[in-house]
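So you know, we letter chains A, B, ... as the sequences are listed, proteins then strands, and number each from 1.
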Amino acid sequence: MKPGERSTYYITTPIYYVNGLPHVGTALTTVACDALTRYQRMQGKKAVMLTGTDENGAKIQEAAENAGMPPMTFVDGLASAFRACWDDLDVCYSDFIRTTEPRHTEAVQTFFRILLEKGHVYRDTYEGWYSVSDETFYRDSDVENGIALETGKPVVRVSEENYFFRLSAFSEKLLQHIESHPEFLLPEFRRNEVVSFIQEGLRDMCITRPNKGWGIPFPGDSSKVIYVWFDALISYLASTGWPNGESGWEDRWPADAHFMGKEIFVRFHATLWPAMLMALDLPLPRQVFAHGFWTVPGLKAGEKAGKSTGGLPHPSAMAGLLQERSGTDRTLAVDALRYILCREMNFGMDTEFTLENCLRRYNTDLANDLGNLVNRTVNMVQKYCGGQVPAPRAMDEEIVALAGEAQSEFQRCMSEFRLNHAIESVMSLVGRMNKYIDVRMPWALAKQATEGDRQAEEMLAQTLYVCLEAARIASLMLTPFMPTAARALCAQVGGSFDEARWGAVQWGGLEPGAELQPPKPVFPRIADLVVTEADLKRTGALKETKEERRNMSNAHAETVPPGTPLPPPDAAAEETLITIDDFMKVHLKVGEVLAAEPVPNATKLLRLTVQTGEEETRTILAGVAEYYSPEELVGKQVVVVANLQPRKMRGIESQGMLLAADVEGRAVLVRPIAEGVPPGSRVR
RNA sequence: GGCGGAGUAGCUCAGUUGGUUAGAGCAUGCGGUUCAUACCCGCAGUGUCGGGGGUUCAAGUCCCUCCUCCGCUACCA
């Protein structure tokens, strides 16, 4: 073994943020990793797959509070939900790490102690400007008129103490590494995004948040917890046993692959995490790959309104749907789901997800093509060869070569994380075999053979052996995606099944003379491909809200700057009752729009001059430019929140807020029914 | 506004470093076959490869420009 080459292959999924249940998005990442892991094991490597849950962060604490339970109880429940889902999907993860486990928190604290020792973290107390949008602090000289000169973003005056990671110090090193390791960041167009992101200039990152009793305390300063992103990434290292010298962590680090959805690629896995590792002089992961998202098609123009557009179902529920529709076993339905996810997703790109497509994919690929190939072949062996694997004198070299090509194509695609293409290479062999049968017409050969045609007899033996063997090879290649189905299919064609041996994929592994059982369809055809609303409901694929769609990604995309209030969940808002006194704190007034104009460089903002019965008119910025033209607002009455703290946007101070109804994301302004209400009238 | 992605057959998309008459799958239509899970095979298709310029012997591919859609982000107090 060459230096730097190990027998262990280490791959990770993201550590899923427990702000929701698993869905086919997280399932895709996890199943794909599982397939890659199984594939490596077939190659004879000891493959280790890590998954887990990210349980720190203010959001989690808040969600637990809303759910009325202690945070630990809350995350326990979600962690088991994830684990149960992966177990259900036959995911062979080697380790499931939770960021609330001691082994993780200890590794994180050690990591930060070293960062501090090496001078990569500094503490800073600022009495100065902070840009919420930039998440950056600015000196007085960088600011003019409440705007950061560098970025043009509004700033606020803060006095805050925090710890910072010297991310900016690693720009050059990162760029060099990326350049000299073309396979490091994939797909290629994402690597380019990273390069431009780094070239735009990295800023030191604030890595602490106030300690509110949930999170990993900052070493030596328990008033702070470590920002959730910094601790989450370290789980990849913590799982190996680092820094414990006796744990053998060096056998697993660096990781061979980090696999994830695109939203956590550029900033975190391709930039921050490598920089953190560089800071500790630890080797960088070999490959970081980002796949795209499932997209959910919206209503098409002209389609009936109100028809559900569907969303992303829960994986187990979807397996249930496949099981029910096809009538196959649960484990086979799970395999079908695994196959469908990896086949449908165009890795790297975004891909449309619909249950209809998935069901159709089941029928065409698994039932009609692969399943039927095995079924019809075995059937003919039963009828024409007495149920024994025939022993031809020669092979059809064209098919042998084709199987070889499929195999090398498969391996190439797998090494590039293009799992859908890997599957396609197998299915093209399957398609070729179905055609092969039609061309060779074994039934005709069998008839000739019974009439004493020895050449036809040999041709028949060759044809059926070639079909059995190609089906066996195709099934074996699909083992990483469908372990149970592959075993069942192999058994039907009389092949032995060894999950741990890619060598068995070689042509000629099928022993002539083996007895075959009568075939039983592994993937029964689905008769009804129609997906009803009831199906969508049952699988959890109901129409999503905007918020859910935003959260459909794999892990948390928490880029919320410190101090940003989180939007309260709708449920909580409905349940929380306020007193009349609470309400009276809000001063609502009728106002009249005297003037309106667009705000330069803003697509949503209108600058309104509003008469609210006071000596001076108010300047109010309203985010309604997409729904109202300035002209149509002038002269209209509106309802103004009069005692709201002023806020600067685009350099202009907004002195209030307009009430508007949220109609499916569109703003509809509220105004008095009667005309001529005197401006300034109190609304209550 | 900034950054990124996309625009190719009815639908979903491939098209690698520019190189023959632009492909696949699904759906549609017709035909064939019968071993099989009413399956499989064949044939037929329709394309101004978003528009317009340019480079070139040669452009879906490279350059410029414009249009449309999507995502992220900055502004929806």
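Using C1' as the reference atom, B:rC62 and B:rU55 are 8 Å apart when rounded to the nearest Å. Taking atom C1' on both nucleotides, B:rG31 is separated from B:rG45 by 15 Å, rounded to a whole Å. Here, B:rG25 and B:rG18 have their C1' atoms 27 Å apart, quoted to the whole Å. With both ends at atom P, the span from B:rU56 to B:rC70 equals 38 Å, rounded to whole Å. Straight-line distance between the C1' atoms of B:rA27 and B:rG4: roughly 33 Å, to the nearest whole Å. Taking atom P in both B:rU20 and B:rA58, the straight-line distance is 15 Å, to the nearest Å.
Using a 4.5 Å cut-off on side-chain heavy atoms (C-beta onward), A:Phe265 and A:Val194 make contact. Taking 4.5 Å as the limit, some side-chain heavy atom of A:Met380 sits within range of a side-chain heavy atom of A:Pro442.
Residue contacts shown for A:Asp369 are limited to sugar-phosphate atoms, with no base heavy atom under 4.0 Å away. Residue A:Asn434 is classed as a sugar-phosphate contact, given heavy-atom separations below 4.0 Å to backbone atoms only. Among the protein residues, A:Leu621 comes within range of the sugar-phosphate backbone only, with heavy atoms under 4.0 Å from sugar or phosphate atoms but none that close to a base. Within 4.0 Å of A:Tyr384, counting heavy atoms only, lie sugar-phosphate atoms of the nucleic acid but no base atom. When heavy atoms are screened at a 4.0 angstrom cut-off, A:Arg360 is found touching the sugar-phosphate backbone but no base atom. Here A:Pro442 lies out of heavy-atom contact (under 4.0 Å) with every strand.
Minimum atom distance to the side chain of A:Arg361 is reached by B:rG25, of the listed B:rC76, B:rA36, B:rG25.
Salt bridge status for A:Glu632 with A:Lys636: absent, with no side-chain N to carboxylate O gap under 4.0 Å.
Going from atom CD1 of A:Ile437 over to atom C1' of B:rA36 covers 8 Å, rounded to whole Å. Atom pair A:Phe197:CZ and B:rC72:C1' shows a separation of 12 Å (rounding to whole Å applied). Taking atom CD of A:Glu344 as the reference point, atom C1' of B:rA14 lies 15 Å away to the nearest angstrom. Rounded to a whole Å, the NZ atom of A:Lys383 is 4 Å from the P atom of B:rA36. Between the CG atom of A:Leu529 and the P atom of B:rA38 there is a distance of 14 Å, rounded to whole Å.
Each of A:Met657 and A:Thr364 has a nearest nucleotide on RNA chain B; the 5'-most of these lies closest to A:Thr364.
When both pairing distances are held under 3.5 Å, B:rA14 makes no Watson-Crick or G-U pair with any nucleotide shown. Across all strands shown, the partner of B:rG19 is B:rC57, judged by Watson-Crick or G-U wobble contacts whose two distances both fall under 3.5 Å. Applying the Watson-Crick and G-U wobble criteria (two distances, each under 3.5 Å), B:rG1 pairs with B:rU73.
In this pair, A:Phe410 and A:Phe481 present their aromatic rings perpendicular. The plane angle is above 60°, beyond the 30 to 60° band.
An OP1 or OP2 oxygen of B:rU37 is reached within less than 4.0 angstrom by no side-chain nitrogen or oxygen of A:Asn363. Taking only side-chain nitrogens and oxygens, A:Lys435 comes nearer than 4.0 Å to OP1 or OP2 of B:rG42. The side chain of A:Lys262 contributes no N or O atom lying less than 4.0 Å from OP1 or OP2 of B:rG5. Not one side-chain nitrogen or oxygen of A:Asn346 sits closer than 4.0 Å to the OP1 or OP2 atom of B:rU12.
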Could you go step by step and tell me if A:Phe268 and A:Trp229 meet the ring pair (Phe, Tyr, Trp, His ring centres under 6.0 Å) rule?
CA-CA 8 Å; A:Phe268 299 106; A:Trp229 257 113; 3.9 Å; yes
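Within the 3.5 Å criterion, the main-chain N or O of A:Ala485 finds a donor-acceptor partner in the side chain of A:Asp335.
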